Protein chains: 2
Amino acid sequence: MASRTRKTPETRRAEITRAAAHLISRHGYNGISLKDVADLVGMSQPGILHYVGSKEGLLSLLVTDIYDVNGTPEEFVQTGLPGSDPTHPRLPAYFDYLVEHNAGRPELTRLYTVLQTEAIAPNHPLHDYFIRRPDSVWEHYSAFPWKLPDGLEWERDMRDYVRMSLEVMDGIQIRLLRKPEIDYVQEWRRFGNLLFPSPTWDDCR
Amino acid sequence: MASRTRKTPETRRAEITRAAAHLISRHGYNGISLKDVADLVGMSQPGILHYVGSKEGLLSLLVTDIYDVNGTPEEFVQTGLPGSDPTHPRLPAYFDYLVEHNAGRPELTRLYTVLQTEAIAPNHPLHDYFIRRPDSVWEHYSAFPWKLPDGLEWERDMRDYVRMSLEVMDGIQIRLLRKPEIDYVQEWRRFGNLLFPSPTWDDCR
DNA sequence: CAACATATCTAATATGCATTAGATATTTAT
DNA sequence: ATAAATATCTAATGCATATTAGATATGTTG
């Protein structure tokens with residue numbers, strides 16, 4: 001019989017989210033069972049439920065993780081990186097930051113990509129969350145005083161840029177699912193150069 | 001008791017693939033049961049199995065469907081469309097054709113996008129199929145005498161263009177999952193113009 | 001060291017599901 | 001109209017799973 005090891009709720013929760021992220025980012029929410037998570041953590045199925053309440057509760061844990069961790073503009077304007085001046089932050093610089101951020105968290109990025117697709121099912125626990133996402137992201141971004149090239153205005157002109165940039169990231173991330181060894185940052189830069197070309201954007205990148 | 005209606009195998013198979021495509025393109029393979037398909041078709045679970053043999057057999061049916069239908073370069077060079085001259089086909093014109101083709105089959109396109117993501121799970125029935133896909137697509141394309149701008153060569157220069165184009169399509173298709181009403185063709189054109197810009201590509205689009 | 005709180009387990013329950021076996025109805029050909 | 005072929009069904013099987021109930025062990029605090 002396995003020796004019963006008891007750990008603090010914090011470490012256990014961390015172990016569980018870690019294991020769940022690993023499994024779900026590969027198999028999707030529908031592709032795993034609580035038993036799979038339990039086995040990977042090294043405890044029993046009800047042991048997991050003690051922490052997450054239900055299978056859906058497991059997802060909630062992950063989402064808050066994703067949400068907290070995802071490189072936000074708030075985070076960016078505090079980095080002091082080029083283009084991160086809080087009074088005139090620059091969108092291309094932020095996107096570079098975002099991509100580097102996600103490239104450094106491949107597991108969470110995988111998870112996000114997998115869940116985003118799985119969640120188009122109307123009965124998926126995260127359906128509403130992901131449906132709202134593009135709009136809420138736009139609103140979120142809109143709160144920042146981005147510096148734009150002369151003649152371009154946020155509300156009028158930047159919806160396309162933002163939407164296309166996020167589409168590109170999604171596309172690259174799909175490719176990343178199959179070939180994790182490809183260089184996300186480098187691939188993104190190719191598109192960044194197309195989307196924000198010289199000389200228009202030279203001062204705003 | 002339901003009146004037993006008997007139809008020809010052809011129509012039944014068509015009904016089944018149609019129902020399965022509808023359901024799987026929304027819920028994924030792991031998200032549906034044979035019962036769901038059976039209910040939608042209006043027959044019993046074993047009735048479905050009579051035709052598909054097993055749940056995996058259902059997928060095989062769909063894949064051949066996807067495969068046959070997907071707008072290939074072969075198809076394109078027979079259309080007589082601008083840029084489709086079989087001795088000098090043009091890549092941007094083909095991509096436009098491909099996107100229009102897929103835009104006209106939204107259900108199969110959804111299906112493809114959903115399955116592609118779900119199939120990163122190593123134990124997914126379509127795992128190998130989708131892992132091989134990028135390479136086999138490249139080889140497939142390589143068999144055609146594409147007309148390229150001066151100075152560009154297929155093997156040396158076009159891998160990036162092809163890969164990036166397909167990444168963009170994947171990205172747009174993810175967005176399409178959530179907002180089916182957006183215009184795939186129009187969104188693709190924005191990227192096409194960036195990827196194949198004037199004046200370099202003027203004669204080869 | 002005693003007692004409490006709780007993390008973890010084993011066992012049980014109920015449900016959903018893919019698949020199989022065998023019966024029945026419907027079509028088609030003679 | 002009868003018979004063969006087969007499409008379709010009902011019923012049964014067995015497995016995986018989420019969840020619950022109740023027992024037990026472990027850490028912590030006084």
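What you see is a predicted model; the values in this text were computed from it and never measured. Here is the naming used below: chain letters follow the sequence lines, and residue numbers restart at 1 for every chain. Values below: every heavy atom of this structure, side chains too, minus hydrogens, waters and symmetry copies.
- Here the C1' atom of nucleotide dA21(D) and the NE2 atom of His50(A) are 15 Å apart, to the nearest Å.
- Ranking dC9(D), dA18(D), dA7(C) by closeness to the Ser33(A) side chain, first place goes to dA18(D).
- Remark: P of dG16(C) and CG of Asn123(A) are 14 Å apart, rounded to the nearest angstrom.
- Atom CD1 of Ile48(B) is separated from atom P of dT10(D) by 13 Å (rounded to the nearest Å).
- Here Ser44(A) lies in heavy-atom contact (under 4.0 Å) with a base.
- Mapping Pro46(A) and Asp36(A) onto DNA chain D via the closest heavy atom, the residue that lands nearer the 5' end is Asp36(A).
- Residue Ile16(A) contributes atom CD1, which lies 11 Å from atom P of dA7(C) at whole-angstrom precision.
- Ring to ring, Phe130(A) and Tyr112(A) are close: their centroids are under 6.0 angstrom apart.
- Shown are Thr17(B), Ile24(B), Ile48(B); of these, the side-chain contact (heavy atoms from CB on, under 4.5 Å) with Val37(B) is made only by Ile48(B).
- If you measure from atom NZ of Lys7(B) to atom P of dC9(D), you get 11 Å, rounded to the nearest angstrom.
- Between dT19(C) and Gln45(B), no contact under 4.0 Å exists linking OP1 or OP2 to a side-chain N or O.
- Distance CZ (Arg13(B)) to C1' (dT6(D)): 13 Å, rounded to an integer number of Å.
- Taking the six-membered ring for Trp and the full ring otherwise, the centers of Tyr161(B) and Trp146(B) sit at least 6.0 Å from each other.
- Taking the side chain of Arg6(A) as heavy atoms from C-beta on, and the options dT26(C), dT26(D), dT19(D), the nearest nucleotide is dT26(D).
- When all heavy atoms are compared, the tightest approach of Val41(A) to Glu15(A) is CG1-OE1, 3.7 Å.
- Comment: Arg132(B) does not engage Asp135(B) in a salt bridge, judged by the lack of any side-chain N to carboxylate O separation of less than 4.0 angstrom.
- Distance from the side chain of Tyr51(B) is smallest for dA7(D) among the nucleotides dT19(C), dA7(D), dT20(D).
- Closest to the Lys55(A) side chain, of the nucleotides dA18(C), dT8(D), dA18(D), is dA18(D).
- Atom NE2 of His27(B) is separated from atom C1' of dG16(C) by 16 Å (rounded to the nearest Å).
- Closest approach to the Pro9(A) side chain among dT19(C), dT8(C), dA7(C) is made by dA7(C) (side chain taken as heavy atoms from C-beta onward).
- Looking at heavy-atom distances under 4.0 Å, Leu34(A) makes contact with sugar-phosphate atoms alone, never a base.
- Rounded to whole angstrom, the span from the CD atom of Glu56(A) across to the P atom of dT17(D) amounts to 18 Å.
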